[in-house]
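The chains referred to below are lettered A, B, ... by the order of the sequence lines, with proteins before strands, and numbering in each begins at 1. Side chains included, hydrogens not; waters and symmetry mates left out as well; all remaining heavy atoms used.
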Amino acid sequence: MTTDKGSTAGAGDRPVRVRYAPSPTGYLHIGGARTALFNWLFARRFGGSFVLRIEDTDVSRGKEGSVEGMTRGFKWLGLDWDEGPEKGGPYGPYFQSQRGHLYKEAALQLVESGTAYYCYCTVEELAERREAARREGRPPRYDGRCRHLSLEEQRRLEAEGRQPAIRLVVPDEGATAYEDIIRGPVSFENSTIDDLVLVRSDGMPTYNFACVVDDHNMAISHVIRADEHISNTPKQLRIYQALGWEPPRFAHVPMILAPDRSKMSKRHGATSVEEYRDLGFLPEAVVNYLAFLGWTPEGESEFLNVEQMFPQFALEDVNRGAAIYDLAKMQWVNAHYLRSMDVREITRRAVPFYIKEGLLAEAPDGEAFDWLVKVVAAMRERVKTLAELPPATSYFFADQFDYEEKAWQKYFAGDRRDQTVKVLTQARDLLASIDDFTIENTEAGYRKLVEDLGISGGDLFHPTRVALSGRTVGPGLFDVITLLGRRRCVERLDRAIRKAGAV
RNA sequence: GACUCCAUGGUCUAGAGGCCUAGGACACCACUCUUUCAAGGUGGUAACACGGGUUCGAAUCCCGUUGGAGUCACCA
């Protein structure tokens with residue numbers, strides 16, 4: 001594949017450097033994960049760098065251990081970052097709270113060049129004016145009243161004890177436009193853009209300002225981020241221009257919406273990748289599903305790993321419309337990985353779920369692990385998540401279980417009771433007599449018994465399953481029989497026969 | 001409300017003016033395989049939001065309408 005349309009967006013003249021820049025909320029949002037994934041794929045595609053930067057300029061948002069929650073999500077998904085927390089890198093530090101001098105420097109440059117100015121309006125005054133504008137039906141813009149303050153006026157306001165913020169001068173005329181890699185030309189009238197605050201009165205930079213300063217200083221070549229940032233782009237472009245810096249290329253990927261078409265939130269269910277992990281999803285499946293939300297590679301395959309994805313990843317192929325999160329489809333993808341990946345690996349990953357369910361006290365090893373592998377192998381293609389495995393196979397771990405009411409009634413009570421007891425008694429004797437307890441031998445014995453008794457297979461197979469597992473569904477009967485072993489099969493058959501007789 | 005983005009079945013999407021009687025996948029339904037349930041196989045229901053242009057020809061291009069979403073802070 002050499003006719004890559006991605007090259008137009010990728011090659012460029014500078015090395016590809018992209019970044020995912022979350023605020024430290026304590027977890028990796030599923031939508032953020034997809035944005036990060038697209039960044040990651042893009043970086044790999046062009047041999048560039050994927051940078052992780054923490055946007056923690058708003059201390060009130062910071063949470064204890066929030067960065068760890070973030071990085072844990074990335075590690076679980078298998079998305080490694082080239083620079084950022086834990087790793088460092090040539091453009092560090094990677095926390096905005098530690099880059100204060102860079103913002104200060106840039107802000108000063110702007111004030112000196114006259115493209116930014118001190119604004120002494122207080123937050124309260126601003127809020128009041130906004131409210132008034134709203135009442136009168138005017139757009140709630142900043143009126144620019146501090147734009148042309150004389151030195152004396154500034155002194156006077158400072159004497160009142162006012163701490164100034166720094167605002168950018170945004171021209172009233174003209175438009176600010178850019179070429180979005182995914183959407184094409186996007187344009188905003190300058191008259192709709194505020195004289196935005198760059199530096200707050202407490203000295204901390206605002207998001208748009210810090211973002212521009214960092215992207216520039218970190219030599220970011222492409223900003224790939226969610227749709228919701230489109231309206232921030234013209235503001236940032238104004239800042240780039242005021243600073244005399246060349247802006248990066250922008251690509252705005254569509255958002256992922258909840259089934260009710262609104263922004264995904266807690267009330268829609270799981271939103272963080274770790275929740276999906278706890279729900280029993282495999283990271284391979286989550287990544288696969290996420291990548292296909294809004295992007296379609298060449299070919300018909302629905303299953304691709306990241307190594308197969310990145311060589312053909314192109315931002316131009318990303319859809320423009322928002323996508324709705326479809327849990328059913330993700331479960332289907334998960335089920336696919338569950339039954340096609342290495343069984344021992346799947347088993348290893350299932351162990352924590354067995355422990356959590358109380359079926360295992362600790363991670364098994366040796367023969368115990370080998371046996372677990374067989375249990376998982378027998379059941380894995382009948383479930384969609386790791387979390388379903390323990391409850392679906394609990395009877396392999398506990399001898400005391402209840403029989404499904406309907407199934408019991410059907411075979412062990414009423415008309416069929418006597419026949420079931422008779423058949424199972426023979427089955428019990430048969431199993432007890434088999435020395436080499438293999439699938440082949442037990443099945444052969446069962447087939448012969450069916451023939452000898454002149455009954456239908458179901459008359460023997462179904463009640464046996466109920467007696468052994470209490471259920472009507474599960475792995476192949478002879479998988480169940482051999483996994484349980486002769487002793488437990490005989491005991492369970494006896495128990496069911498006894499219970500049927502006691503009625 | 002203003003601004004911006006978006007618009008193919010319920011969902012994810014293919015589709016770059018004739019290859020489209022609109023293809024694939026999930027979900028759903030039926031059949032099949034079968035000791036159960038899955039998985040697999042086969043088949044089925046189901047979409048170009050609407051209205052104008054442009055063109056010999058439009059899902060594809062343009063305009064409008066409608067609908068949806070996002071943003072409008074000294075939050076990020």
Side-chain angles (χ1 to χ4, degrees), chain A residues 21-25 55-58 60-61 96 119 121-123 126-127 130 134 137-142 163-167 180 182-184 186-189 191-194 196-211 226-235 252 254-255 257 259 261-263 289 292-296 298-302 319-333 335-336 339-340 379-384 392 407 443 446-447 450 456-466 469 471-478 480:
Chain A
S23 63
T25 50
E55 312 233 317
D56 55 352
T57 52
D58 181 13
S60 64
R61 267 212 200 188
Q96 289 192 327
C119 170
C121 302
T122 65
V123 189
L126 258 14
R130 241 195 318 274
R134 197 192 56 76
R138 288 181 289 117
R141 284 196 64 201
Y142 176 67
Q163 289 291 319
I166 297 177
R167 279 185 192 271
D180 195 291
I182 294 175
R183 285 150 216 284
V186 179
S187 173
F188 292 79
E189 290 296 320
S191 62
T192 63
I193 308 171
D194 245 349
L196 59 147
V197 169
L198 269 19
V199 179
R200 300 187 280 217
S201 50
D202 66 0
M204 290 294 272
T206 56
Y207 163 73
N208 282 123
F209 187 54
C211 187
D227 229 355
E228 52 190 332
H229 287 288
I230 289 181
S231 54
N232 281 322
T233 310
K235 301 177 189 174
H252 289 96
M255 311 226 320
L257 268 24
R261 302 204 130 274
S262 71
K263 212 169 161 175
Y289 174 70
F292 278 59
L293 264 190
W295 176 65
T296 315
E298 294 287 323
E300 293 284 83
S301 179
E302 301 282 333
N319 259 287
R320 287 186 287 268
I324 289 169
Y325 205 78
D326 183 5
L327 193 64
K329 183 141 186 183
M330 188 163 84
Q331 285 176 330
W332 173 75
V333 175
H336 167 83
R339 61 177 178 265
S340 58
M379 198 61 197
R380 66 166 169 168
E381 73 171 41
R382 285 158 236 263
V383 296
K384 296 185 188 308
E443 175 158 12
Y446 253 58
R447 298 280 176 205
V450 166
S456 76
D459 289 338
L460 172 61
F461 289 47
H462 295 320
T464 298
R465 179 185 296 284
V466 174
S469 70
R471 315 182 189 196
T472 55
V473 303
L477 219 215
F478 303 99
V480 175

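- Rounded to whole Å, the C1' atom of B/A16 lies 31 Å from the corresponding atom of B/U71.
- Residue contacts shown for A/I230 are limited to sugar-phosphate atoms, with no base heavy atom under 4.0 Å away.
- At B/A76, one or more side-chain N or O atoms of A/T57 fall inside 4.0 Å of OP1 or OP2 (strictly under the cut-off).
- In this model, a side-chain donor or acceptor of A/N232 finds a partner on the base of B/A76 within 3.5 Å.
- When rounded to the nearest whole Å, the span between CZ of A/F292 and P of B/C26 equals 13 Å.
- Not one side-chain nitrogen or oxygen of A/R380 sits closer than 4.0 Å to the OP1 or OP2 atom of B/A39.
- Among the atoms of the strands shown, base atoms are found under 4.0 Å from some heavy atom of A/C121.
- A sub-4.0 Å separation between OP1 or OP2 of B/C75 and a side-chain N or O of A/N208 is absent.
- At a threshold of 4.0 angstrom between heavy atoms, the contacts of A/R141 with the nucleic acid are absent.
- Mapping A/Y207 and A/L257 onto RNA chain B by nearest heavy atom places A/L257 at the nucleotide closer to the 5' end.
- A heavy-atom distance below 4.5 Å is not found between the side chains of A/F292 and A/V333.
- A donor-acceptor distance shorter than 3.5 angstrom exists from the side chain of A/Y289 to the backbone of A/D326, with no hydrogens or angles considered.
- Here the separation of B/A27 from B/G15, taken at their C1' atoms, is 23 Å to the nearest Å.
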Step-by-step side chain to side chain contact (heavy atoms under 4.5 Å, CB included) determination, A/E302 to A/K329: CA-CA 11 Å; A/E302 301 282 333; A/K329 183 141 186 183; 4.0 Å; yes
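- Position along RNA chain B of the nearest nucleotide to A/S231 versus A/G184 favours A/G184 as the more 5'-ward residue.
- For B/U71, one of the phosphate oxygens OP1 or OP2 lies less than 4.0 angstrom from a side-chain nitrogen or oxygen of A/K263.
- At B/U36, none of the side-chain N or O atoms of A/R382 fall inside 4.0 Å of OP1 or OP2 (strictly under the cut-off).
- Rounded to an integer number of Å, the gap from CZ of A/R167 to C1' of B/A73 is 10 Å.
- OP1 or OP2 of B/C74 has at least one side-chain nitrogen or oxygen of A/R130 nearer than 4.0 Å.
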